[in-house]
Number of protein chains: 2
Amino acid sequence: MTLTQEQLRQLSVPERLGRVARQWQAIADKELAPLGLTYPRWSAMWKLARIGDGVSQKQLAEALELELGSLMRTLAQLEEQELVTRKASPDDGRAKQVFLTNSGHALVRKMEAKILKVRRALLANIEDEELETVKKVLAMISYNANHMSEAQQADRNNEDEV
Amino acid sequence: MTLTQEQLRQLSVPERLGRVARQWQAIADKELAPLGLTYPRWSAMWKLARIGDGVSQKQLAEALELELGSLMRTLAQLEEQELVTRKASPDDGRAKQVFLTNSGHALVRKMEAKILKVRRALLANIEDEELETVKKVLAMISYNANHMSEAQQADRNNEDEV
DNA sequence: TCTCTTTAGTTAGCACGCTAAGTATAATAA
DNA sequence: TTATTATACTTAGCGTGCTAACTAAAGAGA
């Protein structure tokens with residue numbers, strides 16, 4: 001049996017979203033591997049640099065839209081690489097603040113060019129206006145998903161009550 | 001430190017793509033869990049039903065844009081659940097053909113309504129035209145990524161030669 | 001034909017995001 | 001103040017996609 005090009009390229013929206021995300025992250029991985037980084041690690045560092053040193057792990061997880069449990073491993077690895085440090089918060093005995101180390105800051109500066117290079121290459125031949133539409137639609141799907149999650153949660157609670 | 005809503009919602013394009021893909025698949029997971037399925041499993045069955053029984057594992061992997069190695073585990077699980085079977089190809093001693101079982105076919109019919117329900121809910125308030133733009137842009141990024149992967153590969157070969 | 005290369009499948013191990021369960025601290029209510 | 005609840009963190013285990021290394025069969029070339 002032979003599949004047509006048509007059949008090979010027809011992914012559903014969620015399949016295509018996942019696929020493109022994996023492709024992008026794989027390419028970024030290869031660009032950043034010489035710096036000793038993987039996608040989730042530089043992503044966390046990049047975000048940390050942008051929102052500012054000293055936020056809690058929880059705040060960083062929210063900014064990355066990740067579960068705290070998912071971020072923990074990544075931060076432990078970055079700490080192992082001496083790119084970030086975690087210190088107990090003086091204000092809240094439960095919280096730990098995350099800081100970039102000096103080498104962490106230095107690495108962020110090196111990352112920037114490579115991140116932008118990948119971005120430029122992958123967004124080639126796409127109009128600004130089209131990209132804006134994509135961002136808007138993705139935000140809308142996220143919004144719908146958050147509401148649907150709550151509805152699913154409510155469904156499950158109702159089942160319990162009945 | 002307090003983060004503004006603005007800061008919390010600013011993900012880069014690849015971060016947002018991954019996030020939306022995870023959200024969509026998580027919601028689909030919850031809808032389909034009662035049928036005993038996870039997202040990659042129903043996705044494989046759904047694709048198999050669409051491109052037709054009897055394709056090789058390799059062909060199914062290409063249609064799903066997954067590596068063969070990634071698909072193997074999923075197919076083993078589906079075979080364990082007696083939803084698909086794999087038979088040696090009569091034409092090619094290396095290949096195995098994948099078939100839906102009777103219960104597999106039955107399950108595909110049950111899946112359809114749930115998949116469409118999730119799709120409708122998540123694409124609510126999005127214009128057809130906007131969705132078309134998204135599909136087009138994602139296809140363009142995939143295309144750019146494929147070309148960039150080749151370029152990265154060439155880079156690496158050059159390094160070897162030098 | 002015989003050899004070399006390519007291809008389909010297989011297995012093993014890594015990285016990542018998730019949820020669940022548990023601990024310690026903070027905030028709130030009685 | 002004391003008891004309850006909520007929050008921040010931590011750890012462990014699951015499911016997934018990937019690459020790497022390997023086997024066996026098919027195809028191509030000398």
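What you see below is based on every heavy atom in this structure, not just the backbone, and it leaves out hydrogens, waters and symmetry mates. In what follows, chains carry the letters A, B, and so on, assigned in the order in which the sequence lines appear, proteins first and then strands, with residues in each chain numbered from 1.
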Which residues in residues 88-101 of chain A have a heavy atom closer than 4.0 Å to any atom of DNA chain D? A:R94, A:A95, A:K96

Separation of D:dT10 P from A:Q77 CD (nearest whole Å): 14 Å

With rounding to the nearest 0.5 Å, note down the distance linking NE2 in B:H105 to CG in B:L83. 11.0 Å

Using atom NZ of A:K58 as one end and atom P of D:dA6 as the other, report the distance to the nearest whole Å. 14 Å

Heavy-atom nearest nucleotide on DNA chain C for A:G69 versus A:T38: which residue maps closer to 5'? A:T38

Should the pair A:W42 and A:Y39 be assigned to parallel (<30°), tilted (30 to 60°) or perpendicular (>60°) ring geometry? perpendicular

Would you mind classifying the nucleic acid contact of B:E67 as base, sugar-phosphate or nothing, using non-hydrogen atoms under 4.0 angstrom? base

Minimum-distance nucleotide (side-chain atoms of A:S70 versus C:dG17, C:dA15, C:dA8): C:dG17

When A:R41 and A:L68 are each assigned the nearest nucleotide of DNA chain C, the 5'-most assignment goes to A:R41

Between atom CG in A:L60 and atom P in D:dA8, what is the gap in whole Å? 14 Å

Looking at A:Q25, does any N or O in its side chain come under 4.0 Å of the phosphate oxygens OP1/OP2 on D:dC18? no

With salt bridge (charged side-chain N to carboxylate O under 4.0 Å, His left out) as the rule and sequence neighbours excluded, what pairs involving residues 75-86 of chain A come up? A:E79-A:R86

Measure the spacing between CD1 of B:I141 and NZ of B:K136 and express it to the nearest 0.5 Å. 12.0 Å

Closest to side chain of B:M72, choosing from D:dT16, D:dA8, C:dG9: C:dG9

To the nearest angstrom, how far is B:W42 atom CH2 from D:dT16 atom P? 13 Å

Between the base of D:dG15 and the side chain of B:R73, is there any donor-acceptor pair under 3.5 Å? no

To the nearest 0.5 angstrom, please state how far the CZ atom of B:R16 sits from the CD atom of B:Q10. 10.0 Å

Whole-Å distance, A:Q59 CD to D:dC9 P, equals 8 Å

Candidate nucleotides C:dT10, D:dC9, D:dT16, ranked by approach to the side chain of A:Q57 - the nearest: D:dC9

How close or far is atom P of D:dC18 from atom CG of B:L64, stated in whole angstroms? 11 Å

When rounded to the nearest 0.5 angstrom, what is the spacing between CG in B:L32 and NZ in B:K110? 12.0 Å

Specify the separation, in whole Å, of atom CD of B:E80 and atom P of D:dG15. 12 Å

If you only use heavy atoms from C-beta on, which nucleotide in C:dG17, D:dA8, C:dG13 is closest to the side chain of A:L66? C:dG17

Take the protein atom CD of A:Q23 and the nucleotide atom P of D:dG17, then report the distance between them rounded to whole Å. 14 Å

Could you check if a side-chain atom of A:Q23 sits within less than 4.5 angstrom of a side-chain atom of B:N146, using non-hydrogen atoms only? yes

